[in-house]
Amino acid sequence: MPSDKSFAKLPGFRDFVPAELALRTHIFEAWRRVCRRYGFMEYDGPPLEPLGLYVEKSGPEIVEQLYNFADKGGREVALRPEMTPSLARILAQRSRGMAKPIRWFSIPQLFRYERSQRGRLREHFQLNADIVGEAGVGADAEVVAVAIDAVSALGLGERDFVARVNDRRLVTAVLDEAGVAEGHRAGVLAVIDKAGRAGPAGTRAGLAALGVGEAAARALAELVADGSWDHLRDRFRSSGPVLAAMQPLEEYREILEAMGLGGYLSFDFTVVRGLAYYTGIVFELFDRAGEMRAICGGGRYDRLLELVGGEPLPAVGFGMGDVVLGELLRDRGALPDAVPACDDYLIWVEPAQRSQAMKVARALRRHGRAVLYGLAPRGVGKQLRTAARLGAARALIIGPDEAASGTVTVRDLASGRQDAVPVELILRGDGAGL
RNA sequence: GUGGGCGUAGCUCAGUCGGUCAGAGCGCCGGAUUGUGGUUCCGGAGGUCGCCGGUUCGAUCCCGGUCGCCCACCCCA
C-alpha cells in the first residue's frame with residue numbers, strides 16, 4: 001500500500017526478507033551439494049546478453065517475452081531468459097581445448113517479460129546442469145538423475161514427484177508411421193504438448209484444425225489417450241523405425257533402475273517440450289498431485305553448439321526453477337527449520353558491566369559463537385525474553401555479583417539450568433561450547 | 001496480449017443492503033516483574049478500508065478508470 005507508486009516493487013519481482021531468503025538458500029545449498037556429488041563444476045555468465053543470442057536460437061517471436069532494450073552504445077541487449085544459449089556461447093569459444101564430457105552447472109537469475117502467475121514470475125533462479133560432449137544415453141540418464149536428486153535432497157520422494165520422459169526421435173517416428181506429413185510435424189507436437197490440459201476432445205479439434213488426415217488424427221488421439229509404453233510397443237510392433245526409436249529409452253530406464261531411481265520414471269508420450277532445439281530424450285519433473293506446473297524440464301540438444309558457432313558437440317541438460325519447487329516444499333511442509341539469530345545472548349545488568357560484556361562477546365565471537373546483546377540498557381527479564389525469542393541456546397548474564405566474583409552466569413535456555421563460570425575460562429575459549 | 005475474481009492494520013481476515021463501521025486474532029512495543037525468559041493479565045502504537053475520478057447531503061461500501069495480486073487462455077524457463 002505504498003502511497004507513492006513509483007517506489008513500488010516491479011510486478012513479478014520478489015523481495016527476499018530473511019525468512020524468505022532462508023528458503024532460497026536452503027534450495028541453492030541442496031542443488032550445489034547434489035551437483036558436486038555428480039562431479040559438476042559451477043560456472044556463471046553475464047545476466048545481460050546480446051539480443052541476437054536468443055533470436056538466433058528461438059526465432060523473432062521470442063522477443064515479445066524478453067526484457068530487452070538498446071543500451072547507450074546502441075546495442076540490442078536482453079536480460080537472459082534462460083541459460084542454455086549463454087552456455088553454448090561460452091563453450092563455443094573454448095570447448096575445443098577442454099576434456100569431454102564437460103559437466104557444468106549454474107544457478108542464474110533469469111528474466112522474462114510476461115504476465116506473472118502462480119509459480120511463474122518475471123524473475124526466478126534456475127538450476128542448470130548440462131553434460132556436453134557425450135552423445136550416449138548414459139549422459140541422458142546421468143542428467144535426469146541429477147535433477148531427481150536435486151529435488152529429493154530437499155526432502156521430497158517418489159510419492160511427491162515424478163519424472164515424465166519421452167524421446168523426440170520416437171515421437172517423430174510415430175508421426176511418420178501414423179502418416180503425419182512433415183510439414184504438420186511442428187504443429188502436431190504443439191497439440192500433443194497441450195493434450196494434458198486440452199483433453200481428448202480438444203486434442204482432436206486441434207489436430208483437425210491443422211488439417212491432419214482423418215486416419216492420422218485418430219491414431220494420434222488413441223496414443224494420447226493411452227500413451228503407455230506397452231501400448232505403444234504393441235500398437236507399432238510391426239514398425240521397424242518406431243521399435244528402433246524405442247531402444248534408447250529402454251536403455252535409459254535400465255540405467256536409472258540400476259541407480260535405484262526407476263520409481264521416479266514414467267513414460268509419457270505427451271511430453272515433447274516446447275523448445276525447438278531438443279533432439280532426443282526429453283523429460284519434465286512434476287508433482288505427483290499434478291497441482292502445479294512443471295518443476296523442471298530438460299533434454300538432449302545436440303545441434304545447439306554448432307548453431308552458435310562452436311564445434312559440433314552433443315549436449316543434454318535441464319533447468320529447474322526455484323519458484324514452483326519452493327511452493328511445492330511449502331505445500332509438503334518441507335521447509336527448513338528457522339536458523340536462530342544467535343547462539344549466545346549476553347546480558348549486562350548495569351552500565352558498569354558493559355565493558356566486561358563486550359570483552360566476553362569478543363572472545364566468544366572469536367571462537368565462532370554467534371553473539372548478540374542489548375544495544376541499550378534494559379531489564380534482565382526483558383533481555384531474557386529477547387534471548388528466548390531469538391532462539392539463543394544460552395544466555396550469559398554479567399551483573400555486579402558476577403563482576404565481583406570474576407564469573408559469568410551461563411544459563412541454558414532450553415533447560416533453565418545455570419552455572420557460574422569463571423570469566424577467564426570463557427575468555428580463553430574453554431567455556432565457549434559448554 | 002485476452003477474459004474472470006479479488007484488493008480493509010506487519011500477517012490472516014471480519015464488517016457496513018451508503019449514515020459513531022474503521023474492527024478481531026496473531027505479531028510488535030510498554031507495564032504487572034527496576035537480576036531471570038518462552039505462560040498469564042493489563043495497556044499502547046499502527047490503516048487517508050490499493051489509487052484517481054464520478055453518483056450522493058454523506059462512499060471503505062454503488063459506478064467508471066487505473067495499478068497490483070490470483071485464476072484461465074496465450075506462451076513456455
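In what follows, chains are A, B, ... by sequence order, proteins preceding strands, each numbered from 1.
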If you measure from the [atom1] atom in [N] to the same atom in [M], how many Å do you get, rounded?
N     : M     : atom1 : result
B:G15 : B:A32 : C1'   : 34 Å
B:C42 : B:C52 : C1'   : 43 Å
B:C49 : B:U60 : P     : 6 Å
B:C13 : B:G18 : C1'   : 23 Å
B:C21 : B:A9  : C1'   : 15 Å
B:A24 : B:G46 : P     : 15 Å
B:G47 : B:G65 : C1'   : 24 Å
B:C74 : B:G4  : C1'   : 15 Å

Pairing donors with acceptors under 3.5 angstrom, does anything connect the side chains of [X] and [Y]?
X        : Y        : result
A:Asp268 : A:Thr270 : yes
A:Gln418 : A:Arg394 : no
A:Tyr373 : A:Asp344 : no
A:Gln353 : A:Glu402 : no

N/O donor-acceptor pair under 3.5 Å between [X] side chain and [Y] backbone:
X        : Y        : result
A:Asn166 : A:Phe269 : yes
A:Asp302 : A:Ala315 : yes
A:Asp149 : A:Val146 : no
A:Arg164 : A:Leu265 : no

Checking only heavy atoms, does the side chain of A:Arg112 share a donor-acceptor pair with the base of B:C76 at less than 3.5 Å? no
Presence of donor-acceptor pair under 3.5 Å, side chain of A:Arg293 and base of B:C75: no
Under a 4.0 Å heavy-atom criterion, the protein footprint on nucleotides 30-39 of chain B, written with B, S and -, is SS---BBBB-
Determine which bases of RNA chain B form Watson-Crick or G-U wobble pairs with both distances under 3.5 Å, and write the result as a 5' to 3' dot-bracket string with | for other-strand partners. (((((((..((((.....[...)))).(((((.......))))).....(((((..]....))))))))))))....
Most 5' of A:Phe13 and A:Leu121 on RNA chain B, judged by nearest nucleotide: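 Closest to the 5' end, via its nearest nucleotide, is A:Phe13.
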Looking across every strand, which nucleic acid part, if any, lies under 4.0 Å from A:Gln383 by heavy atom: base, sugar-phosphate, or nothing? nothing
Validation row: A:Leu232, A:Phe267 side chains within 4.5 angstrom (heavy atoms): yes
Let me know the distance between CZ of A:Arg122 and C1' of B:G68, rounded to the nearest Å. 11 Å
